[in-house]
Trainee: 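Could you have a look at this structure, given as structure tokens, before my questions?
Numbers restart at 1 for each chain; the letters A, B, ... are given by sequence-line order, proteins then strands. Treat the numbers as computed from the prediction; the structure is a model and nothing was measured. For the numbers below, each heavy atom of this structure counts, side chains included, while hydrogens, waters and symmetry mates do not.
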There are 2 protein chains.
Amino acid sequence: METLMAAAASRCPVLSQASAASRETLMRHALLRHVERGTCIFSHGAAAESGYILMGGWIKITRTQPCGAISILTLHAPGETFGFADSIRRLPRSATAEAATDCTILSVSARSICQTMRSDSSFGNAILSHSFQQNDSLLQQLEALKIFSGIQRLACFLLRHAKPGNGRHIVRLPFHKHLVAHYLGLKPESLSRSLAKLKEYGVRTVPDGIEISNPGALEALIGETSDIRHREIA
Amino acid sequence: METLMAAAASRCPVLSQASAASRETLMRHALLRHVERGTCIFSHGAAAESGYILMGGWIKITRTQPCGAISILTLHAPGETFGFADSIRRLPRSATAEAATDCTILSVSARSICQTMRSDSSFGNAILSHSFQQNDSLLQQLEALKIFSGIQRLACFLLRHAKPGNGRHIVRLPFHKHLVAHYLGLKPESLSRSLAKLKEYGVRTVPDGIEISNPGALEALIGETSDIRHREIA
DNA sequence: CGCCCTCTTGAACCAGTTCAAGCGCAGTGG
DNA sequence: CCACTGCGCTTGAACTGGTTCAAGAGGGCG
């Protein structure tokens, strides 16, 4: 158990920047949990009592409109953290977190986070730089939504998640395509069609995921934007 | 001049949370500038040497793809800050900042920001909470892009920027509609058409901006999302 | 006045949605 | 063992929101 915690600490970019002493403090009040797919970790509007570190699996962060429409804001991979901002500010949850796959998560109490931030300035810096990074990835998503078409966004997504595996690049999708579609701002049907179109670019659906035989082609696809008209805007 | 600086400090949510002493330090190396519309404050890839506090006017933050397509990531109103993240991290600029109108800006050297962060923990907290807020607004933008139509996004934008002026709500648009369109992820023509459609909802273009006679109607428009199908997703 | 620039309008077009049907597969129960 | 059912995914056809390209209206300015 203790070793697992240590492993957590070294994997997580936030924790790894904290001093050994503060890691110790944080871990004393941390809780390791396994949850299965679909489990709600916290929900929009609830009181924020913990920050979470994702050890395994994928988490989706969503928000639901009064009318019932759901938007998927972010997806988190192992090693990433989520739910820190709310708990540090002690505000109600600004969104809902749900396990997109079976997950292993480490929850750290808000109180110990705040305490550690006060006592260990390097931990504070880690939190800040983490927030900046989150910001960057949101900006990237925004950019993609504003100027790329659905197919281009899909190509981006595939390239970003591709792991080079013996020669070819493979994207493992441990969760439903539903989820990917919504994350990309598409309907499932459109995603399916987009994937079909990407066959010409060397993208094939294989048993254990999606295979990319020619990453260069995808990059070229992203590069060519139809919207050349607005090179210059006031 | 000094009084103007003081005014700056009290207006800006980041500075106002800093101690008097750190404000003093920051202001000693601050520089007040007036720039006219179209001036580039900093550009993507350049070294980040300052954070900026916007005293008057509007700033747009953009990013340009290799192919020449430009996306407008954020718009900043008076009182807001921009360019802090890059300068604190000492990374190259992650985007370009340009004056969308004539602007008055206060630039604070990266060095004095970092110095102050080290000496005054409440300033560090202010920066952190600022980053969190930025995060929130990006999430809101993302959400809007993923589930709202262009007209709904426009309605959101109008409501958010409406100032109640003697009975009726008025949105002052000091900059080109071009800019608003791109910010909303639309083409100028589409924005124009959307505005035309919003006439039925009590939105009129008046000499000094856009008038909203019935905010409730706009809220209702945002509330009704066609995409009810996906109330429940895995 | 004529020129430039912003914004609007119109008509054809395209990406993505909607609704509906069909496929393949796992789980269930006869 | 095979039919039955439910679910995720794909495919097809009609439709819609937004884009594209082109033309025109209005306003400020030399």
Trainee: Please confirm whether the backbone N or O of A48(B) pairs with a side-chain atom of D86(B), one donor and one acceptor, at under 3.5 Å?
Mentor: no

Trainee: Pairs in or reaching into residues 135-157 of chain B: which pass salt bridge (charged side-chain N to carboxylate O under 4.0 Å, His left out), with residues at least two apart or in two chains?
Mentor: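 For residues 135-157 of chain B: R63(A)-E143(B), R89(A)-D136(B).
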
Trainee: Show the nearest heavy-atom pair for residues I222(A) and Q152(A), with the distance to one decimal.
Mentor: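 Answer, listing the atom of I222(A) first, then Q152(A): O-NE2, 3.6 Å.
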
Trainee: What is the distance, rounded to the nearest whole Å, between atom NZ of K177(B) and atom C1' of dT9(C)?
Mentor: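 Atom NZ in K177(B) sits about 14 Å away from atom C1' in dT9(C).
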
Trainee: Take atom NE2 of H182(B) and atom C1' of dT19(D), then tell me their distance rounded to the nearest Å.
Mentor: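 The answer, rounded to whole Å, is 12 Å.
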
Trainee: Between Y183(B) and F157(B), is the gap from one ring center to the other below 6.0 Å?
Mentor: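 Ring centres of F157(B) and Y183(B) closer than 6.0 Å.
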
Trainee: Rounded to the nearest 0.5 Å, what's the gap from NE2 on H161(A) to CD1 on I212(A)? Could you check?
Mentor: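 With rounding to 0.5 Å, NE2 (H161(A)) is 11.0 Å from CD1 (I212(A)).
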
Trainee: What is the distance, to the nearest angstrom, from the CG atom on L191(A) to the C1' atom on dA15(C)?
Mentor: 15 Å

Trainee: When the C1' atoms of the five terminal pairs at each end define the local axes, what inter-axis angle does the helix from dC1(C)-dG30(D) to dG30(C)-dC1(D) show, to 10 degrees?
Mentor: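 End-to-end axis angle: 10°.
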
Trainee: Can you build the contact string for nucleotides 22-30 of chain D? Use B for base contact, S for sugar-phosphate-only contact, and - for no protein heavy atom under 4.0 Å.
Mentor: ---------

Trainee: Any side-chain donor paired with an acceptor under 3.5 Å for S131(B) and S131(A)?
Mentor: yes

Trainee: Between the protein and nucleotides 13-18 of chain D, list every N/O to N/O distance that falls short of 3.5 Å.
Mentor:
from    : atom 1 : to      : atom 2 : distance (Å)
dA13(D) : N6     : R193(A) : NH2    : 3.2
dG18(D) : OP1    : G150(B) : N      : 2.5

Trainee: Nearest whole angstrom, please: distance from the P of dC7(C) to the CG of L154(B).
Mentor: 14 Å

Trainee: Does H176(B) have its ring centroid less than 6.0 Å away from the ring centroid of W58(B)?
Mentor: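 Ring centroids of H176(B) and W58(B) are no less than 6.0 Å from each other.
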
Trainee: Ignoring hydrogens and angles, write down the donor-acceptor pairs under 3.5 Å from the side chains of residues 68-78 of chain A, residues two or more places apart or on other chains.
Mentor:
from   : atom 1 : to     : atom 2 : distance (Å)
T74(A) : OG1    : H76(A) : NE2    : 3.1
H76(A) : ND1    : E80(A) : OE1    : 2.8

Trainee: Under the side chain to side chain donor-acceptor pair (under 3.5 Å) test, which residues partner R204(B), sequence neighbours left out?
Mentor: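 Per chain and number, R204(B) pairs via side chain to side chain donor-acceptor pair (under 3.5 Å) with E211(B).
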
